[in-house]
Every structure is written in structure tokens, then in C-alpha cells.
Amino acid sequence: KLKFRIRAYHGLETREIAPDSIEMIGIPADVPSDERIYRVGVDIGDMPVIDRFVIEVLSPEGEVLTHFPFSLL
């Protein structure tokens with residue numbers, strides 16, 4: 001029931017990008033576990049390679065649980 005969103009930063013401008021696909025991989029959902037692994041697919045289009053990105057993991061209520069910053073360079 002986790003949700004994901006990607007934020008793109010270009011200088012001080014921010015935009016939100018919805019994932020194209022979210023797939024849980026590894027341990028099946030019906031097996032109790034303290035960790036899960038997800039593959040999140042996103043099409044960022046023609047964004048400059050100097051832009052910064054953050055994948056945010058959200059609770060079912062929409063609260064940010066954690067985030068993973070990355071860049072293309």
C-alpha cells in the first residue's frame with residue numbers, strides 16, 4: 001500500500017512526476033518481512049542531465065516515509 005512519487009528539481013523550480021510502473025520484487029507480499037524491494041519505472045522525458053531527482057516513498061495516508069535523491073550525472 002506504499003505510494004511513490006518523483007520530484008524533479010531544476011534550479012529552484014520543482015515538478016512532480018508520477019511513476020509509470022511500480023513492481024514489488026524479491027520476497028512475496030504474503031510472506032512477513034521487515035523489508036521490501038520495489039522497482040519503480042518512470043519516464044522523465046527530455047529533462048536536462050543537470051537536474052536533480054528525488055524518489056519519495058509515501059505511506060497510505062500520504063506522509064513521506066523516506067526519500068532517495070539521485071542525479072543523472
Side-chain angles (χ1 to χ4, degrees):
K1 302 199 189 232
L2 295 177
K3 300 175 186 173
F4 297 84
R5 73 177 167 212
I6 293 86
R7 291 194 182 269
Y9 296 90
H10 181 76
L12 296 176
E13 295 177 20
T14 303
R15 79 175 209 176
E16 193 173 301
I17 304 169
D20 291 335
S21 63
I22 300 169
E23 177 185 3
M24 186 178 1
I25 58 177
I27 301 170
D30 60 344
V31 176
S33 177
D34 290 337
E35 70 176 42
R36 298 287 180 210
I37 301 171
Y38 292 87
R39 177 178 293 138
V40 178
V42 64
D43 179 9
I44 61 169
D46 293 331
M47 302 216 34
V49 295
I50 60 171
D51 286 2
R52 299 174 327 276
F53 300 91
V54 176
I55 296 177
E56 294 179 333
V57 182
L58 308 168
S59 71
E61 294 79 29
E63 299 172 344
V64 176
L65 299 174
T66 190
H67 65 278
F68 302 95
F70 68 96
S71 61
L72 300 177
L73 282 179

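For the single chain, residues carry numbers from 1 onward in sequence order. The structure presented is a predicted model; accordingly, all values stated were derived computationally and were not measured.
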[X] [atom1] to [Y] [atom2] distance, which is reported to the nearest 0.5 Å:
| X | Y | atom1 | atom2 | value |
| --- | --- | --- | --- | --- |
| R52 | H10 | CZ | NE2 | 10.0 Å |
| M24 | I22 | CE | CD1 | 11.0 Å |
| I55 | H67 | CD1 | NE2 | 11.5 Å |
| T66 | E56 | OG1 | CD | 9.5 Å |
| Y9 | D51 | OH | CG | 12.0 Å |

* Asked: Do Y38 and L2 have side-chain heavy atoms sitting under 4.5 Å apart?
  ->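 The answer is yes; the side chains approach within 4.5 Å.
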
* Evaluate the side-chain proximity of R5 to V64: yes if any heavy-atom separation is below 4.5 Å, no if none is. =>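 A side-chain contact exists here, since the closest heavy-atom pair is under 4.5 Å.
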
* Do V40 and I37 belong together in a cluster built from hydrophobic side chains that touch within less than 4.5 Å? ->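 Result: no, two separate clusters.
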
* Considering non-hydrogen atoms only, spot the tightest contact between P19 and I6 and give its length. =>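 So the two residues come closest at CG-CD1, 3.8 Å.
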
* Identify the heavy atoms of S33 and I27 that sit nearest to each other, and give their distance. =>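 Nearest pair, atom of S33 first, then I27: OG-CD1, 3.4 Å.
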
* For I44, what residues pass the side chain to side chain contact (heavy atoms under 4.5 Å, CB included) criterion, not counting sequence neighbours? -> I17, V42, M47, F53, L72

* To do: Using modelled atom types only, decide if a donor and an acceptor are shared between the side chain of R36 and the backbone of I25 within a distance under 3.5 Å.
  =>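 No, R36 side chain to I25 backbone: no donor-acceptor pair under 3.5 Å.
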
* Determine yes or no for a side-chain-to-main-chain donor-acceptor pair under 3.5 angstrom, with K3 supplying the side chain and P60 the backbone. => yes

* **E13 atom CD, over 12 foreign heavy atoms within 6.0 Å** =>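 Not buried by this count: 12 neighbours or fewer within 6.0 Å.
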
